[in-house]
Amino acid sequence: RKVKKFNKMMFKFVTGAVMLGMVAASQHTMPIKRQQSAKAERRANGELALEPDMRVVGDQPSIPVHSYQSSQFYAEASIGTPEQTFSFIYDTGSSNLWAPGKKFSGHKSYYKHDDSSTYVANGTVFDIEYGSGPVSGFLSEDSVTIDGFTFPQTFAEITDVSGLGTAYTMGKFDGILGLAFDTISVDGIAPPFYNMMDQLDDPVFSFQLPTSDDADGELRFGGYNTDLFTGDLQYVDLEAETYWQIPMEDMKVNGKSFASTKHAIVDSGTSLLAGPTEDVKAFMKEIGAKKIPIVGEYYVSCDDVDSLPELSITLGGGLELTLTGAEYTIPDGPMCLVAAMGIDGLQTPLWILGDTLMQKYYTVFDYGEKRIGFAEAATDSSMLRGTAKATDCNDGSYTISFTDLKVSPDDVEKEAPVTLTASGSLAKPVTSGTYSLDVQFGGTSLFTHSGDACGDDTVELPAGVGTIDITGLTCPAAPGAVEWGLSLTLPSIAPSGDYTIKVTGQDQDSTNTMCIEVDLSL
């Protein structure tokens, strides 16, 4: 792997190149076999009923993906019992999991195997040779938890990360979690996705990468999220079970072909596009980019970005993906870096289609059908709009009658709070009590919660799909005017659909006090 550094600390990370360099001599095409997860097989045979769909597609939760200067994309996973949480680059260009060991105390979150009751010592030396130096440590075994799925895993405790340089020491991630095939796994270790596969609805995972540091993307295991892309998914079959490698028919700019290879890998761990050096030179010449001596990067003036020609990438089966000049460049002051670099020395030359492409296209990695799906990502998934209304569901048996319920704003948006202010009258004194919260999605209850009716409370919904802040009664509350409030925030990864939030309350004598329903449609 090579680590690219340039101004504004935009560290370009090329994960696929490491494994490519390591196994180039043994790279080969393998027979492609379709496969279902064990859970999917049981479901198909009628042995497993579909659970209520609380998420959108695939009935599986998702993980927020964070961005660091649009060059490192990372998400959380945990190791051990109790869980120790780390930030990982989920990397489709490699197959091993590693986390920093105790040598990194004081510098990074590090794995403390002595604190885990499920740790099993292994001790086998682990080495990966990066293009700029080694990453090494030793193997350990423990439970790993990814988004609620827990499974046993052999992984590496790392003691030397010199091969990653400043991309690691100044980056936001702690380790790397490989999502490629076991055929390229160092020491033949089963990749994490293999070990969690039987718990999934389908052997699939999907990415939506954020386009800025201001919003999160999504990594979903077991399915994909139709809210996060437009149109239909278009699939390209794999040509090898090593990396996520697919056939590529051509790459063009201004109608001129410059691709010398017919192979590509889709790599979530590589920040840029990377390909044969001569191909890259031809591309840069056509768009008028200038090379910075020694550094080896290509720049154009940011004033010229809107006039740059479109880059066309045609994959197997004739699927054409395109990037505009603004999409294949990265601003760095008055100059813009062209997000492509040369990489040679591989037995089979190929192009690495990294995050530059994946930021524009929602990408589905389908292990079962051995294919990759692409669809243009929704341009601003965090701004999906909807409506909300609130009603007093008092049937006459409650001591609070709310006569004024205000929901704001009128047009609700994901990642923006929806606030309810309820005013009414109280018929009986309240000195203490409880409230009950029932959150439904698509008519199915997905979460219930009880709390103190007096005072404020914050409730985290499951699977990271939202937060509810309650402004409770001020107790003791005398008969007369009374107010109550609620604020709901749904993140961009929350599924779109119909939500109902019902809140009921009882006082110190178990008398019903209030009943409010909030209906939210996104």
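- A donor-acceptor pair shorter than 3.5 Å can be found between the side chains of Thr145 and Thr150.
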Exercise for the section: Give the intermediate values and the outcome of side chain to side chain contact (heavy atoms under 4.5 Å, CB included) for residues Leu321 and Leu315. Expected result: CA-CA 8 Å; Leu321 307 180; Leu315 303 177; 3.7 Å; yes

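- By the 4.5 Å heavy-atom criterion applied to side chains, Val135 and Leu164 are counted as neighbours.
- Using a 4.5 Å heavy-atom cutoff, the side chains of Tyr224 and Leu233 are in contact.
- A distance of 5.0 Å separates OG1 of Thr124 from CG of Leu139, quoted to the nearest 0.5 Å.
- The CD atom of Glu297 sits 10.0 Å away from atom CE of Met284, with the distance rounded to the nearest 0.5 Å.
- The distance from atom OG1 of Thr489 to atom CG of Asp469, rounded to the nearest 0.5 Å, is 7.0 Å.
- Side-chain polar atoms of Ser140 and Glu157 form a donor-acceptor pair below 3.5 angstrom.
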Problem - Steps toward side-chain hydrogen bond (donor to acceptor under 3.5 Å, both in side chains) verdict (Ser78, Thr85) - result: CA-CA 4 Å; Ser78 300; Thr85 302; 2.9 Å; yes

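- The backbone N or O of Leu311 lies less than 3.5 Å from no partner atom in the side chain of Thr322, so there is not a single donor-acceptor pair.
- You'll find the ring centres of Phe205 and Phe193 inside the 6.0 Å limit.
- When only modelled atom types and interatomic distance are considered, Glu320 and Ser312 share a side-chain donor-acceptor pair under 3.5 Å.
- Residues Glu218 and Leu228 have side chains in contact (heavy-atom distance under 4.5 Å, counting atoms from C-beta outward).
- Tyr90 places a side-chain heavy atom less than 4.5 Å from the side chain of Phe221.
- Of the possible polar contacts, none joining the Thr270 side chain to the Leu272 backbone as a donor-acceptor pair under 3.5 Å is found.
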Handout entry: Test log, rule side chain to side chain contact (heavy atoms under 4.5 Å, CB included), inputs Phe73 and Leu219
Key = CA-CA 11 Å; Phe73 298 92; Leu219 170 59; over 6 Å; no

Problem - Step-by-step side chain to side chain contact (heavy atoms under 4.5 Å, CB included) determination, Tyr235 to Ile372 - result: CA-CA 5 Å; Tyr235 287 95; Ile372 303 176; 6.0 Å; no

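- Side-chain N or O atoms of Gln72 include one that pairs as donor or acceptor with a backbone N or O of Ala167 at under 3.5 Å.
- Not one N or O on the side chain of Asp91 forms a donor-acceptor pair closer than 3.5 Å with the backbone of Gly178.
- For the pair Ser185 and Asn96, the tightest heavy-atom approach, listed with the atom from each and the gap, is OG-ND2, 3.3 Å.
- The side chain to side chain donor-acceptor pair (under 3.5 Å) test applied to Ser206 returns Tyr362, not counting sequence neighbours.
- Side-chain contact between Leu353 and Ile313 is present, with at least one heavy-atom pair separated by less than 4.5 Å.
- Here the CD-CG distance, from Gln245 to Asp267, works out to 12.0 Å after rounding to the nearest 0.5 Å.
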Practice task
For side-chain hydrogen bond (donor to acceptor under 3.5 Å, both in side chains), just list the numbers for Glu376 and Thr230, CA-CA rounded to whole Å, side-chain angles, deciding distance to a tenth of an Å, and then say yes or no.
Solution key: CA-CA 6 Å; Glu376 191 162 341; Thr230 61; 5.2 Å; no

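- Under the 6.0 Å distance and 45° angle rule, Lys102 does not count as a cation-pi partner of Tyr110.
- Note: Phe104 and Tyr168 have perpendicular aromatic rings, judged against thresholds of 30 and 60 degrees for the angle between ring planes.
- The heavy-atom pair separating Ser94 from Ile176 by the smallest distance is OG-CG2, 4.0 Å.
- Between the side chain of Lys262 and the backbone N or O of Glu249, at least one donor-acceptor pair lies under 3.5 Å.
- Within a 6.0 Å sphere centred on CG of Asp232, other residues, nucleotides and ligands contribute 12 heavy atoms or fewer.
- A centroid separation of less than 6.0 Å is found between the aromatic rings of Trp244 and Phe365.
- Nearest heavy atoms, Met248 versus Thr261: CE-O, 3.5 Å.
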Handout entry: Derivation and outcome, side-chain hydrogen bond (donor to acceptor under 3.5 Å, both in side chains), residues Gln69 and Asp213
Key = CA-CA 6 Å; Gln69 298 187 344; Asp213 293 359; 5.8 Å; no

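- Without hydrogens or angle criteria, Asp174 side chain to Phe88 main chain gives no donor-acceptor distance under 3.5 Å.
- Note that CE of Met358 is 4.0 Å distant from OG1 of Thr363, once rounded to the nearest 0.5 Å.
- A donor-acceptor distance shorter than 3.5 angstrom exists from the side chain of Ser268 to the backbone of Thr92, with no hydrogens or angles considered.
- Contact check for Val161 versus Trp98: side-chain heavy atoms found under the 4.5 Å cut-off.
- We find the OG-NZ distance between Ser105 and Lys112 to be 7.5 Å, quoted to the nearest 0.5 Å.
- In this model, no donor atom of one side chain and acceptor atom of the other lie less than 3.5 Å apart for Thr324 and Glu310.
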Practice task
Please test Leu490 against Leu488 for side chain to side chain contact (heavy atoms under 4.5 Å, CB included), starting from the C-alpha separation and ending with a verdict.
Solution key: CA-CA 7 Å; Leu490 295 177; Leu488 168 67; 4.1 Å; yes

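- Taking the six-membered ring wherever Trp is involved, the centroid distance between the rings of Tyr367 and Tyr194 falls below 6.0 Å.
- By the 4.0 Å N-to-carboxylate-O rule, Arg371 lies close enough to Asp366 to be salt-bridged with it.
- Heavy atoms only, all atoms of each residue included: Ile246 and Glu239 are closest at O-OE2, 3.5 Å.
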Practice task
Report the C-alpha separation of Asp250 and Thr314 in whole Å, then their side-chain angles, then the decisive distance to 0.1 Å, and conclude whether the side-chain hydrogen bond (donor to acceptor under 3.5 Å, both in side chains) test is met.
Solution key: CA-CA 5 Å; Asp250 207 353; Thr314 304; over 6 Å; no

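- No side-chain donor-acceptor contact under 3.5 Å links Ser116 to the backbone of Gly80.
- For the pair Ile468/Leu461, a side-chain contact is recorded, criterion being any heavy-atom separation below 4.5 Å from C-beta on.
- Between Phe138 and Phe126, the gap from one ring centroid to the other reaches at least 6.0 Å.
- For Thr329 (side chain) and Val305 (main-chain N/O), no donor-acceptor pair under 3.5 Å exists by modelled atom type.
- Remark: the backbone N or O of Ser62 is paired with a side-chain donor or acceptor of Asp147 at under 3.5 angstrom.
- Shown here for Ser143 and Thr81, the closest heavy-atom pair between the two residues is OG-OG1, 3.3 Å.
- Nearest heavy-atom pair across Ala378 and Asp227 is CB-O, 3.9 Å.
- With contacts defined as side-chain heavy-atom distances shorter than 4.5 Å, the pair Leu323/Lys360 qualifies.
- Using the six-membered ring where Trp is involved, His113 and Tyr111 have ring planes that are perpendicular, over 60° apart on the 30 and 60° scheme.
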